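All values reported here derive from a predicted model rather than from experimental measurement. Numbering of ligands and ligand atoms starts at 1, following listing order. Residue numbers start at 1 and run along the sequence shown.
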Amino acid sequence: MDCIFCKIINGEIPSKKVYEDDTVCAFYDVEPQAPVHVLVVPKEHISSAAFITPENSAVVAHIFEVIAKLAKELGLEEGFRVVNNCGDIAGQTVKHLHFHLMGGRAFSWPAG
Ligand code: DGP
């Protein structure tokens, strides 16, 4: 499958990984939008949040456990933002489910 994040997960494309276990991988975003910007992804190829089902949703709960752990390790005790872009209209450019963990600056709301 021609998926950039699948290739990062299996090591075909280099990345700066900060976390990995049997089901989840996290690595620094190449186009950081904040001083800390990490992508947390399931190893299983799920195209987007629109394809989360009762059969595959356990990995999403696990991703949020990983996010909480990484936020502490990366010094984001003050707070952080987690973003998921789903579909072209929302700005999803890579069609492999991923959550942006961003911190180290203030964020405005509502997001544009
Ligand atoms: P989104 O727009 O929500 O689909 O986010 C995709 C993110 O993926 C975007 O912030 C840039 C990042 N990205 C794209 N290609 C690569 C890559 O090859 N390596 C890494 N580390 N990040 C990438």
S.K.: What protein heavy atom lies closest to atom 15 (N) of ligand 1? Include the residue and the distance to one decimal.
M.R.: Val30 CG2, 4.1 Å
S.K.: With heavy atoms of Asn85 as the reference, note each atom of ligand 1 found under 4.0 Å away.
M.R.: 1 (P), 2 (O), 3 (O)
S.K.: Which residue and atom name correspond to the protein heavy atom nearest atom 9 (C) of ligand 1, and how close is it?
M.R.: Asp29 OD2, 3.3 Å
S.K.: In ligand 1, which numbered atoms sit nearer than 4.0 Å to a non-hydrogen atom of His98?
M.R.: 1 (P), 3 (O), 4 (O), 5 (O), 6 (C)
S.K.: Return the residue, atom name and 0.1 Å-rounded distance of the protein heavy atom closest to atom 19 (N) of ligand 1.
M.R.: Ile8 CD1, 3.4 Å
S.K.: Taking atom CD1 of Ile8 and atom CD1 of Ile13, what is their separation to the nearest 0.5 Å?
M.R.: 5.5 Å
S.K.: With heavy-atom distances below 4.0 Å as the criterion, list the atoms of ligand 1 near Thr93.
M.R.: 1 (P), 2 (O), 4 (O), 5 (O), 6 (C)
S.K.: Among all protein non-hydrogen atoms, which one is nearest to atom 21 (N) of ligand 1, and what is the separation to 0.1 Å?
M.R.: Tyr28 O, 2.8 Å
S.K.: Quiz question: by atom type and distance under 3.5 Å, do the side chains of Asp21 and His62 form a donor-acceptor pair?
M.R.: yes
S.K.: So how far is it from Asn10 CG to Cys25 SG, rounded to the nearest 0.5 Å?
M.R.: 10.0 Å
S.K.: For ligand 1, which atoms, with element, lie under 4.0 Å from some heavy atom of Gln92?
M.R.: 4 (O)
S.K.: Under 4.0 Å, heavy-atom basis, I'd like to know which part of Ile4 is in contact with ligand 1: side chain, backbone, both or neither.
M.R.: side chain
S.K.: Where's the contact between Phe27 and ligand 1, heavy-atom distance under 4.0 Å: side chain, backbone, both or neither?
M.R.: side chain
S.K.: Under the salt bridge (charged side-chain N to carboxylate O under 4.0 Å, His left out) definition, can you give me all pairs with a residue in residues 79-104, not counting sequence neighbours?
M.R.: Asp88-Lys95
S.K.: How close does the nearest protein non-hydrogen atom get to atom 2 (O) of ligand 1, and which residue and atom is it?
M.R.: Gly91 O, 2.9 Å
S.K.: For ligand 1, is Ser15 a contact, meaning one of its heavy atoms is under 4.0 Å away?
M.R.: no
S.K.: Below 4.0 angstrom from a heavy atom of His100, which ligand 1 atoms are there? Numbered from 1 as shown, please.
M.R.: 1 (P), 3 (O), 5 (O), 7 (C), 10 (O)
S.K.: What I'd like to find out is whether the side chain of Phe99 reaches to under 4.5 Å of the side chain of Val60, using heavy atoms alone.
M.R.: yes
S.K.: Is any N or O atom of Leu39, backbone or side chain, closer than 3.5 Å to an N or O atom of ligand 1?
M.R.: no
S.K.: Is there a polar contact between ligand 1 and Glu31, counting only N or O atoms under 3.5 Å apart?
M.R.: no
S.K.: Does the ring center of His98 lie less than 6.0 Å from the ring center of His96?
M.R.: no
S.K.: Please check if the distance between the ring centroids of Tyr19 and Phe27 is under 6.0 Å.
M.R.: no
S.K.: Note the single closest protein heavy atom to atom 8 (O) of ligand 1, along with its residue, its atom name and the distance in Å.
M.R.: Phe5 CZ, 3.4 Å
S.K.: I want to know whether Phe80 and Phe107 have ring centres closer than 6.0 Å.
M.R.: no
S.K.: Give the minimum heavy-atom separation between Ala49 and Asn84, together with the two atoms involved.
M.R.: CB-OD1, 3.3 Å
S.K.: Closest heavy-atom contact between Val41 and Ile63?
M.R.: C-CD1, 4.1 Å
S.K.: For ligand 1, is any non-hydrogen atom under 4.0 Å from Asn84's backbone (N, CA, C, O), its side chain (CB onward), both, or neither?
M.R.: neither
S.K.: Begin with the C-alpha distance, continue with both residues' side-chain angles, and end with the deciding distance and a verdict on salt bridge (Lys or Arg N to Asp or Glu O under 4.0 Å) for Lys69 and Glu73.
M.R.: CA-CA 6 Å; Lys69 173 183 147 63; Glu73 287 176 7; 2.8 Å; yes
